[in-house]
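Structure, as structure tokens:
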Amino acid sequence: MAIPKQRIRLSEPVTRENLPKSFEPQGFEQQLYSFWKESGCFDAADENAQGQRAFSIVIPPPNVTGVLHMGHALTNTIQDILTRWHRMMGDNTLWLPGTDHAGIATQAQVEKQIAKEGKGPTGRPLTRHDLGREKFLERTWAWKEEHATHIQNQLRRLGSSLDWKRERFTMDEGFSSAVREVFVQLYNDKLIYRGERIINWCTRCQTALSDLEVVPTDRKGFLWHIQYAVVNDDGSPVVDPATGAPAKLTIATTRPETLLGDTAVAVHPADERYTAFHGKKAKLPLLGRLVPVITDEYVAMDFGTGALKVTPAHDFNDYDLGKKHDLPFVQVMGKDGKIGAAGGPFSGMKFSEARESMLQQLKESGELVKTEDHQNKVGLCQRCDQVAEPIISKQWFVKIQPLADPAIAAVREGKITFSPKMHEKVYFEWMENIRDWCISRQLWWGHQIPAWHCSSCQGITVARQAPSRCHECSARASALKQDEDVLDTWFSSGLWPFGTLGWPANTRALDTFYPTSILETGSDILFFWVARMIMMGLHFMDEVPFKKVYLHAMVRDEKGEKMSKSKGNVIDPLVLIDKHGADPLRFTLAAMAGQGRDIKLAEDRVEGYRAFCNKIWNAVKFFHLQWEEAQGGPIKEPDGGAEKWLLARKGELAPANAWILSRLQEMTTRVDKGFSNFELNESAQAIYEFAWGELCDWFIEFSKLPLRQGGEARMETLITLHYALEKLLTVAHPIMPFVTEELWQTLPWKRPANTPARNQKGELPVETLMFQSWPRPEAKFRNTEAEQTFGAMKGLIEAIRNFRGENNISPKVEFAVKYTATNRAVEQFVRSIENDVKALA
RNA sequence: UGGCUCGUAGCUCAGUGGGAGAGCACUACCUUGACACGGUAGGGGUCCCCGGUUCAAUCCCGGGCGAGCCAACCA
């Protein structure tokens with residue numbers, strides 16, 4: 001592009017000859033990233049320097065399933081802004097990178113890939129079973145390597161100042177040992193147990209799912225009314241007292257096929273329609289099996305017929321009823337999605353086939369008395385959109401209540417704060433009604449459960465390493481077989497804040513950076529991830545994993561729809577970065593990162609902020625032109641720096657200079673406040689308004705006179721301009737790291753960095769904007785008088801211009817002089833530039 | 001069913017108890033020495049609707065309508 005490749009980077013000041021005409025991000029972004037990274041600018045120290053604070057964020061590890069989307073761009077932009085800001089404030093700053101193995105999601109991707117590759121022995125597409133566990137895992141690791149690299153590149157293109165030396169993966173060796181440690185400890189604490197309970201089962205993924213992994217979805221369905229005969233214990237018909245005929249009881253169901261597993265019919269105890277049937281039996285149609293009629297207040301009298309068929313093995317509510325009334329659990333559906341032996345004549349059929357067949361027969365026998373339309377919810381597998389079936393299965397669970405209680409308390413006591421605040425309420429609601437967490441998955445990709453089953457005593461040995469003996473019966477290792485299941489992917493990511501810092505070893509990094517300062521992530525994984533990190537962190541570290549939780553809104557497309565591959569409305573951040581540069585994208589995301597609202601990304605906003613980058617670019621170019629050309633050679637930097645020089649003359653500065661310095665101060669304060677309050681849009685707006693609306697539109701226009709005039713006035717204006725630009729670049733750097741660094745490097749009077757960047761050897765400070773000290777929001781240059789004067793000036797000029805219909809810049813100034821108003825402040829100001837204008841004439 | 005968020009210009013969005021705003025799009029003029037990724041001027045809005053509090057409401061309160069999200073045991 002515009003910059004020759006051989007240009008010497010970052011050692012020799014750029015002059016206007018090699019400063020490109022306009023903002024061309026492709027020419028410098030990647031070079032700058034390499035420069036920062038290789039100079040060790042991103043690296044945190046294990047221990048704080050004297051008087052230094054630590055600031056740490058762990059990245060929400062992206063799934064290695066594929067590429068980063070706009071939501072990742074948003075979260076990583078926000079995190080990078082906070083990270084860079086703290087680094088400039090002199091903190092020992094760590095932003096720790098890594099990726100998540102994403103069990104089921106990744107496995108599904110690799111399976112899809114395999115299926116495309118050919119047919120197995122039965123003529124069906126290849127499955128993981130054709131490869132075998134070992135081969136399949138090899139394939140998945142290869143996939144992981146490939147995609148992790150891609151994700152790293154995307155994060156780099158975005159400018160993320162991550163400490164890559166500390167990069168982690170949820171299945172790397174150290175992390176795996178942390179996972180085993182946690183499992184063993186929880187098991188020993190009796191907080192992990194294995195039990196046969198009702199769980200969600202995906203018949204396609206062939207695995208158990210947690211409650212969270214099932215997405216309730218509206219489906220159009222029917223409510224079928226089916227008649228059961230009411231009989232006595234011996235099977236003889238009960239006579240309906242009302243009609244004198246054999247009594248019938250009609251139930252309403254959306255899933256008639258589960259009738260095969262019914263073990264009761266429930267009615268409300270106060271429902272007078274059914275009082276006569278209490279304690280009797282109902283005869284299941286088609287099967288003829290007798291089940292008790294029970295009463296429970298759970299039953300809603302006004303829904304359906306007020307009579308509820310109870311299938312404890314295939315419905316969560318019925319399961320609870322079954323437990324309460326000690327009913328048998330008849331499992332009719334197998335993990336393969338077909339009716340099992342208990343289904344009698346229907347065994348071997350798929351659910352849907354069984355339903356059709358049963359309805360047909362019930363219709364013929366007259367037992368199906370009514371069919372109504374009904375909107376109901378079905379749970380779909382989060383990964384594959386298949387209906388998740390509740391079945392009873394032996395799985396591993398975390399007993400969650402003892403972990404949830406301290407996690408609730410920590411937020412109540414303010415040890416962790418949520419932003420926006422409203423999420424706290426949502427958090428409490430969920431945590432207070434939490435169910436035990438099913439953590440075993442019948443997958444291959446993941447942390448295999450560190451439990452060994454003994455073939456000799458059937459006992460279970462849970463251990464950190466493969467045991468040499470059964471802990472129950474001392475059988476030899478040959479009798480032991482490791483549990484084949486793996487852990488829910490969120491089990492391991494729950495350990496992320498301390499697992500990544502070296503736990504269970506007691507590392508210095510852990511001392512320095514735990515608890516982390518901030519967790520920034522999407523509100524959609526509040527329960528999946530945030531809540532579990534809080535529980536795990538408190539249990540294993542005795543301390544919260546982070547002090548603040550920032551939850552950003554979801555990124556949607558222009559129409560407000562969730563971006564998803566299937567809808568084809570995904571905007572790849574890399575495409576936008578290639579087109580417009582990383583800084584415009586980052587600025588856009590920051591400007592739209594207001595709280596509590598979904599973000600609809602429109603590309604024209606990015607284009608607008610690209611123009612903004614160009615504007616700043618040209619403001620700096622303007623400075624270079626003036627600085628070089630105006631006096632035939634560089635002016636020397638004032639002793640002690642521009643700031644000191646300007647402060648010393650604070651009272652006598654030309655009004656335009658005093659004004660822009662005052663505005664600069666105001667802007668700096670606003671930016672700082674925005675970052676502090678997590679209102680990044682405020683910071684972005686302050687920068688935008690100052691740079692374009694004040695510095696470029698007014699100050700630079702006015703500076704042209706004194707700059708052309710020469711002498712003291714030019715000197716003062718040039719120093720002011722340099723100072724304002726340098727400070728602007730500094731405060732804008734967290735949001736727009738690339739363009740600000742690139743331009744800052746060209747400034748002639750760079751101040752030495754306050755914190756030397758470390759290279760790999762811990763030496764060689766490099767000159768970079770990344771370590772410029774963050775301007776403290778002090779009122780050094782606040783100047784109310786100058787603001788008023790200039791404000792009146794602007795108003796006057798605008799009024800004159802309107803009156804005369806003039807629109808050029810120099811008349812702007814001339815009119816101001818000619819039409820001097822009576823306002824004394826304006827008079828004073830105008831007099832100060834009157835001479836300049838005369839000199840020009 | 002409950003909870004939450006939102007409703008501001010054609011589009012995407014800021015914002016505030018007293019003047020209605022930005023970007024993009026649109027109209028006219030301007031290639032002036034930083035920038036046409038620019039400049040100047042301009043058109044365009046019942047700030048969802050109805051009540052209330054207030055000297056004053058787009059903003060605060062109540063109700064409604066609409067959009068979306070989250071959590072749910074009504075089969």
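Letters go in sequence order (proteins before strands), and every chain restarts at 1. Since we're looking at a predicted model, the values are computed, not measured.
The line from NZ of A:Lys615 to CG of A:Asp697 is 6.0 Å long, rounded to the nearest 0.5 Å.
Between A:Trp201 and A:Phe351, a ring centre-to-centre spacing not shorter than 6.0 Å is recorded.
Across all strands, A:Ile700 comes closer than 4.0 Å to base atoms (heavy-atom distances). Here A:Trp224 lies out of heavy-atom contact (under 4.0 Å) with every strand. A:Tyr688 comes within 4.0 angstrom of sugar-phosphate atoms only, judged by non-hydrogen atoms across all strands, and of no base. Note on A:Lys425: only backbone sugar-phosphate atoms sit closer than 4.0 angstrom, heavy atoms only; bases stay farther off. Contact annotation for A:Val299: base contact, defined as any heavy-atom pair under 4.0 Å involving a base atom. At the heavy-atom level, A:Cys613 lies nowhere under 4.0 Å from the strands shown. As judged by a 4.0 angstrom heavy-atom cut-off over every strand, A:Tyr427 is placed among residues making no nucleic acid contact.
Checked by distance alone, A:Lys621 brings no side-chain donor or acceptor within 3.5 Å of a matching partner on the base of B:C35.
Distance, A:Glu682 CD to B:C13 P: 18 Å, rounded to whole Å. Taking atom CG of residue A:Leu223 and atom P of nucleotide B:C74, one finds them 14 Å apart after rounding to whole Å.
Looking at the side chain of A:Tyr298, the nearest of the listed nucleotides B:C70, B:C13, B:A75 is B:A75. Counting only heavy atoms from C-beta on, A:Lys21 has its side chain closest to B:A36 among B:A36, B:C74, B:A72.
A:Gln227 pairs by the side chain to side chain donor-acceptor pair (under 3.5 Å) definition with nothing, not counting sequence neighbours.
Across all strands shown, B:C6 forms a Watson-Crick or G-U wobble pair with B:G66, both key distances being under 3.5 Å. If you check B:G17 for Watson-Crick or wobble pairing at under 3.5 angstrom, you find it has no partner at all.
Spacing between B:U31 and B:A20 at atom C1', rounded to whole Å, works out to 34 Å. Nucleotides B:U58 and B:G17 have their P atoms positioned 13 Å apart, rounded to a whole Å.
Residues A:Trp749 and A:Ile719 form a side-chain contact, since some pair of their non-hydrogen atoms from C-beta on lies under 4.5 Å apart.
The shortest distance between the side-chain N/O atoms of A:Gln685 and the OP1/OP2 oxygens of B:A22 is not below 4.0 Å.
For the segment residues 253-261 of chain A, residues with any heavy atom less than 4.0 angstrom from an atom of RNA chain B are, sorted by number, A:Thr253, A:Thr254.
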> Passes side-chain hydrogen bond (donor to acceptor under 3.5 Å, both in side chains), A:Tyr228 versus A:Asp262? Steps please.
Replying inline: CA-CA 12 Å; A:Tyr228 290 18; A:Asp262 281 7; 2.7 Å; yes
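The side-chain hydrogen bond (donor to acceptor under 3.5 Å, both in side chains) test with A:Thr258 singles out one residue from A:His314, A:Lys309, A:Glu389, and that residue is A:Lys309.
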Exercise answer: donor-acceptor pairs, residues 684-693 of chain A side-chain atoms, under 3.5 Å, sequence neighbours excluded:
unit_1, atom_1, unit_2, atom_2, d
A:Gln685, NE2, A:Glu689, OE2, 2.9
A:Glu689, OE1, A:Arg670, NH1, 3.1

